[in-house]
Engineer: 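Below you will find the structure I want to go over with you.
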Protein chains: 2
Amino acid sequence: MLIRTPVAENGTRCSTCALGQICLPVGIAAEDATRMDALVSERVRIPRGKLLYRQGDPLTTVYGVRFGTLKTVLTLQDGRSQITGFHLPGEIVGLDGLGKMAHVSDAIALEDSEACVLRFDELQELARELPSLQIQIMRLMSNEISRDHDMLVMLGAMRAEERLAAFLLNLSQRMSTRGYSATEFLLRMSREEIGSYLGLKLETVSRLFSRFAESGFIQVKQRQVKLVDMDALRQLVGSRC
Amino acid sequence: MLIRTPVAENGTRCSTCALGQICLPVGIAAEDATRMDALVSERVRIPRGKLLYRQGDPLTTVYGVRFGTLKTVLTLQDGRSQITGFHLPGEIVGLDGLGKMAHVSDAIALEDSEACVLRFDELQELARELPSLQIQIMRLMSNEISRDHDMLVMLGAMRAEERLAAFLLNLSQRMSTRGYSATEFLLRMSREEIGSYLGLKLETVSRLFSRFAESGFIQVKQRQVKLVDMDALRQLVGSRC
DNA sequence: CGACGTCTTGAGACACATCAACAAACGTGG
DNA sequence: CCACGTTTGTTGATGTGTCTCAAGACGTCG
């Protein structure tokens, strides 16, 4: 259904990828990185709104986001759903399903996106030979656990205002790591999706945007946001995250 | 501060541990499991209320709970805190700090407990030689991510009643895997701790217990609970988790 | 026995949800 | 390019689930 394209002989792979300092190759020596190139033999394009994988699908591959943005969504039987993450270039998605060898969430593109396909068995195999890769995989998973715990704090202990401020600051930080402006960016997700992620309703999110704008913390025009007073936002959060 | 005891030459180790089918050795062949014995050269006792590790501590070891119950807590600068997990025997704690090589939460004993000390570098080393151990570590981490996502759904999309029902069912299931009764058990945590975990106040938790008891779903006497009508609880949750 | 921590229960407050109307932006096909 | 329907976002009025504050009961342990 999705278009899978083999990577050209001389195409960009891990060892030459611009995301090298964010993605899987972090901390891996140049000579080892070339061995990782064999991992990425194909990529998938995911048009906006389409699913990369679906809850329950057998898991044989995980994915590295190459460009675009994905969301991962967990759906309850009664139809209620929760977005568990927004995924930017350089992030690995699908790791949550490794334990069951089946995907436990849906992954959906928020804009036209592309992902590197990583066969899990090959990844496993190579990790055995490259200790630094093994460490990096564990580090990535550990960081995801740690991020999830931060989210638990947000949902469990913060008020709506604090959650949105933390969300904006977190996004800002991630955009900036990827070479984009830390203060001005385009939200790829709707108010409803932000709400789902933060455990709020879209109306609440919308009101908060308006309130933040009135207070002069941010400027908003549709999905284009500009963080004007990051310190004020930080003060709202009061702390880490 | 905590008492660390070397494991006796002929003491119980991984290959002979009763928790073998829950803990690290899952899926590892008998002859390989004996090699894991070398990993567990000491154990720690954590008396009730004491910390096993603290947010910010450098991470050189992770821990396998041997008996007792631990909670992991994330604290914000303003003092608010969130319990990110309750940990029963056979569970590995500390994995969330691997990425930063420092602990990102406090681990505190809810009752007198004991944990196996696993040096991370040794674990890493052995995982390289035993592919099945490498897989098992990844599986454990993946399961933790997946559990955290389930928690996100609870905190983001469920009402108080549903959260408590899901909590009780989850605890029931975990007790039963460990050979305890699935319907009758002692809560090792206070109402306030349950509340912190579920993103609720202790009064709300207390009221819900009373309400569930009135409805005949459960019987409660202090921390002793008996699940009388599990189907009713499942219906409350309406779904998975 | 008294002192302390834990739990229960009630009354009232408040943050966020719900319901509803409208406005703005977007996409599509003529 | 415009007209149209659809999706997405804004804002207001009202409702409600959970929190807050408070008092008292229970259980535990010195």
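In the text below, chain A, chain B and the rest are named by the order of the sequence lines, each starting its count at 1.
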Engineer: Looking only at side-chain N and O atoms, does A:T204 come under 4.0 Å of OP1 or OP2 in C:dC16?
Structural biologist: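 Checking C:dC16 against A:T204, no side-chain N or O comes under 4.0 Å of OP1 or OP2.
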Engineer: State which of D:dT10, D:dT18, C:dC16 makes the closest approach to the side chain of A:S210.
Structural biologist: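 Nearest listed nucleotide: D:dT10.
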Engineer: Do A:R207 and D:dG12 have a side chain to base donor-acceptor pair shorter than 3.5 Å?
Structural biologist: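 Such a pair exists between side chain and base.
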Engineer: What integer distance in Å separates B:L164:CG from D:dG17:C1'?
Structural biologist: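 Taking atom C1' of D:dG17 as the reference, CG of B:L164 is at 15 Å.
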Engineer: Tell me whether the side-chain N/O atoms of A:R191 come closer than 4.0 Å to OP1 or OP2 in D:dT10.
Structural biologist: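 Looking at the OP1 and OP2 atoms of D:dT10, one of them is under 4.0 Å from a side-chain N or O of A:R191.
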Engineer: Looking at every strand, decide which applies to B:G195 at a 4.0 Å heavy-atom threshold: base, sugar-phosphate, or nothing.
Structural biologist: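 If one applies the 4.0 Å heavy-atom cut-off, B:G195 turns out to touch nothing in the nucleic acid.
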Engineer: Where do A:R139 and A:N143 land on the side-chain hydrogen bond (donor to acceptor under 3.5 Å, both in side chains) test, with the steps shown first?
Structural biologist: CA-CA 6 Å; A:R139 188 158 32 199; A:N143 284 338; over 6 Å; no
Engineer: Among the nucleotides C:dT18, D:dT20, D:dG9, which one has an atom lying closest to any side-chain atom of A:E203?
Structural biologist: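 Nearest to the side chain of A:E203 among the choices is C:dT18.
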Engineer: So, does the side chain of A:E161 form a donor-acceptor pair with the base of C:dC16 at under 3.5 Å?
Structural biologist: no
Engineer: Answer with base, sugar-phosphate or nothing: what part of the nucleic acid does B:S190 contact at a heavy-atom distance below 4.0 Å?
Structural biologist: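 Here B:S190 touches the backbone only, sparing every base.
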Engineer: Against the six-membered ring of A:F86, is A:R188 placed for a cation-pi contact (under 6.0 Å from the centre, within 45° of the normal)?
Structural biologist: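 No, A:R188 does not lie over the aromatic ring of A:F86.
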Engineer: Within this structure, what is the CE-to-P distance between A:M189 and D:dT7, rounded to whole angstrom?
Structural biologist: 21 Å
Engineer: In whole angstrom, what separates A:E162's CD from C:dA15's P?
Structural biologist: 12 Å
Engineer: Is it the case that the base of C:dC26 and the side chain of A:Q222 share a donor-acceptor contact (distance under 3.5 Å, atom types as modelled)?
Structural biologist: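 Between C:dC26 and A:Q222, which were checked side chain against base, a qualifying N/O pair under 3.5 Å is absent.
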Engineer: Would you say a side-chain N or O of B:R223 is under 4.0 Å from OP1 or OP2 of C:dC7?
Structural biologist: yes
Engineer: Hey, is CD on B:E192 packed in by over 12 heavy atoms from elsewhere, all under 6.0 Å?
Structural biologist: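 No, CD of B:E192 has 12 or fewer neighbouring heavy atoms, counting only those of other groups under 6.0 Å.
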Engineer: For the pair made of CZ in A:R159 and P in C:dA15, what is the distance, rounded to whole Å?
Structural biologist: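 Answer to the nearest Å: 7 Å.
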Engineer: What integer distance in Å separates A:L198:CG from C:dA15:C1'?
Structural biologist: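 Rounding to the nearest Å, CG of A:L198 and C1' of C:dA15 are 16 Å apart.
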Engineer: A:L200 near the nucleic acid: base, sugar-phosphate alone, or nothing, with a heavy-atom cut-off under 4.0 Å?
Structural biologist: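 A:L200: backbone/sugar contact only, no base atoms under 4.0 Å.
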Engineer: Below 30° counts as parallel, above 60° as perpendicular, anything between as tilted: where do the rings of B:F217 and B:F212 land?
Structural biologist: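 Plane angle between 30° and 60°, so tilted.
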Engineer: Counting only heavy atoms from other residues, nucleotides and ligands, does the tally under 6.0 Å from CZ of A:R54 exceed 12?
Structural biologist: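 No, because the 6.0 Å sphere around CZ of A:R54 holds 12 heavy atoms or fewer from other groups.
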Engineer: Can you check the B:L187 CG to C:dT6 C1' distance for me, whole Å?
Structural biologist: 13 Å
Engineer: Can the ring centroids of B:Y180 and B:F185 be said to lie less than 6.0 angstrom from one another?
Structural biologist: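 Ring centroids of B:Y180 and B:F185 are no less than 6.0 Å from each other.
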Engineer: Closer to the 5' end of DNA chain C via nearest nucleotide, is it B:S206 or A:R163?
Structural biologist: B:S206
Engineer: Between B:E192 (CD) and D:dT20 (P), how many Å, whole number?
Structural biologist: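 Nearest whole value for this atom pair: 12 Å.
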Engineer: Rounded to whole Å, how long is the line connecting atom NZ of B:K201 with atom C1' of C:dT9?
Structural biologist: 18 Å
Engineer: Heavy-atom nearest nucleotide on DNA chain C for B:L202 versus A:K221: which residue maps closer to 5'?
Structural biologist: B:L202
